[in-house]
Amino acid sequence: MKISEIYKFLDEIAPFNTQEVWDNSGLLVGSFDDEIERIYLALDIDSEFLQNAMPNSLIIAHHPLIFKGLKSLDFTRYPSNLINLMIKKNISLIAAHTNYDKAVLNEYFVSEVLGLKITQKDEFLAYTDVDMSFDELVKFVKAKMNLEILRCVRAKERVKRIAVCTGSGGDMINLVKADAFLTGDLKYHQALEAKENLLNLIDIGHYESEAYFGASLAKYLQNFKIEVIISNSKNPFTYY
C-alpha cells in the first residue's frame, strides 16, 4: 500500500490544512510513492520504539518529530538520531497533531474515556454538561483515567459545565466558558488567573490525556487491508 493512500484518508478525517500555523503535521519522513507493509500508531517516537519497529513501515505519530527547522543533522542527538535510524530501516513518518486534536482526539477523550456527551465544540475546546460538586468531578476523572493523583485548582464548589482540551491547553484559559477546565501542562500563573476568575482547573496531564491517540485512530483504519499496530508510548516523566 502506498503512503499517499493513507495520507489522503487522514486528510479526510482530520484535514492537514486545519493545523495551527506553528505546527508541523504532515509527511515528515518518506515519499508519497513509498510502499509500506504495516502501520504503527504512536503518541511519540523514541529510540527503543524504532529499534523494535519492522522495516518498510509507516509510523503515524501525534507529536511531530521534526518541529522546528533543522540546520544540521547530528546523528548523536535527538531528533537527528531517530531520523537516521528511520532512514536506515526504510520507515516513513506522518504526524497528525493539531489538525487531529480539533477533529478527533478531544472528542474521543470526552466521549470514549470520560463517557460524557459533547454539547459544543469550539476549535480545541470540547464542552460537556454535568451536575457535580468539584470533589465529585475530581473523583470521577481519577476513576475514568485510572489516576491516583490529580493537580487541581478549586475555584467554586458546583460544576455544571466542563471544557476539555487534551494535551497542553493552558493558554486557552481566558477563552473557556465553563465552570471547570480539564487540560494538561498547567502553569502556576495560569492557576492564579483561573482561581481569580472562578474557573476550576484539573490538570489531566499532557501524556495521560493524549495516550489514547492510537486507539482513537485505529478504528478509522480497520477497513484498510494492512496490519495496524498501536505502540504504547512511554511517559518521559517518572512520579515518586
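All values derive from a computational prediction rather than experimental measurement.
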Can you tell me how far the [atom1] atom of [X] sits from the [atom2] atom of [Y], to the nearest 0.5 Å?
X	Y	atom1	atom2	answer
L116	K144	CG	NZ	7.5 Å
I6	D11	CD1	CG	13.0 Å
I118	I162	CD1	CD1	12.0 Å
L192	N197	CG	CG	11.0 Å
K177	L125	NZ	CG	9.0 Å
L93	L28	CG	CG	4.5 Å

Go through the steps for Q19 and N24 under the test side-chain hydrogen bond (donor to acceptor under 3.5 Å, both in side chains), then give the verdict. CA-CA 8 Å; Q19 67 181 286; N24 193 33; over 6 Å; no
I need the minimum non-hydrogen distance between [X] and [Y], along with the two atoms involved.
X	Y	result
V159	A180	CG1-CB, 4.0 Å
A191	L201	CA-CD1, 3.9 Å
F16	S25	CD2-CB, 4.0 Å
D203	R151	OD2-NH2, 2.6 Å
F134	K156	CB-O, 3.8 Å
G170	T183	N-CG2, 4.1 Å

Got a donor-acceptor contact below 3.5 angstrom from the [X] side chain to the [Y] backbone?
X	Y	answer
S216	G214	no
N84	N81	no
S31	D33	yes
K195	A155	no
H62	A96	yes
R38	P55	yes
S233	L43	yes

Compare all side-chain heavy atoms of [X] with those of [Y] and state whether any distance is below 4.5 angstrom.
X	Y	value
E227	M54	no
T98	F124	yes
Y239	I149	no
H63	H97	yes
V228	Q222	no
I45	L50	yes
E123	M172	no
D129	K160	no

[X] atom [atom1], neighbour heavy-atom count above 12 within 6.0 Å:
X	atom1	result
K89	NZ	yes
N146	CG	no
F237	CZ	no
N223	CG	no
K187	NZ	no
N52	CG	yes
L198	CG	yes

Please identify each residue that fulfils ring pair (Phe, Tyr, Trp, His ring centres under 6.0 Å) with F181, with sequence neighbours left out.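 F181 satisfies ring pair (Phe, Tyr, Trp, His ring centres under 6.0 Å) with no other residue.
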Using the test ring pair (Phe, Tyr, Trp, His ring centres under 6.0 Å), find all partners of F49 that sit at least two apart in sequence or belong to another chain. Y40
Could you go through T128 and L114, starting from their C-alpha distance and side-chain angles, then the distance that decides it, and tell me whether this counts as side-chain contact (heavy atoms from CB on, under 4.5 Å)? CA-CA 10 Å; T128 180; L114 298 182; 5.9 Å; no
Using the side-chain contact (heavy atoms from CB on, under 4.5 Å) rule, take L182 and V110 through it: C-alpha gap first, then chi angles, then the decisive distance, then the call. CA-CA 10 Å; L182 279 59; V110 173; over 6 Å; no
What do the steps show when you test F140 against V130 for side-chain contact (heavy atoms from CB on, under 4.5 Å), and what is the final call? CA-CA 11 Å; F140 173 82; V130 297; over 6 Å; no
Determine whether [X] and [Y] fall in the same hydrophobic cluster, where Ile, Leu, Val, Met, Phe, Trp and Tyr are linked whenever their side-chain heavy atoms lie under 4.5 Å apart.
X	Y	result
I202	L175	no
M132	I204	yes
I229	I36	no
L65	L27	no
L58	I13	yes

After noting the C-alpha distance and the side-chain angles of Y100 and L10, does the key distance pass the side-chain contact (heavy atoms from CB on, under 4.5 Å) rule? CA-CA 9 Å; Y100 194 80; L10 292 174; 5.7 Å; no
Do the ring centers of Y7 and F32 come within less than 6.0 Å of each other? yes
Listing request: all side-chain hydrogen bond (donor to acceptor under 3.5 Å, both in side chains) pairs with a residue in residues 105-114, at least two apart in sequence or in separate chains.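 As it turns out, the side-chain hydrogen bond (donor to acceptor under 3.5 Å, both in side chains) pairs with a partner in residues 105-114, which skip direct neighbours, are N106-T166, E107-K121.
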Tell me yes or no: between the side chains of H206 and N235, is some donor less than 3.5 Å from an acceptor?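 N235 and H206 do not have a side-chain donor-acceptor pair below 3.5 Å.
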Output all residues satisfying salt bridge (charged side-chain N to carboxylate O under 4.0 Å, His left out) with R154, sequence neighbours left out; order by chain, then residue number.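 Applying salt bridge (charged side-chain N to carboxylate O under 4.0 Å, His left out) to R154 gives D135, E157.
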The salt bridge (charged side-chain N to carboxylate O under 4.0 Å, His left out) partners of E196 (sequence neighbours excluded) come to none
Among all residues two or more places apart in sequence or in another chain, which pass the side chain to side chain contact (heavy atoms under 4.5 Å, CB included) test with K8? E12
With salt bridge (charged side-chain N to carboxylate O under 4.0 Å, His left out) as the test, would you mind laying out the steps for D179 and R158 before giving the verdict? CA-CA 8 Å; D179 302 307; R158 206 69 201 167; over 6 Å; no
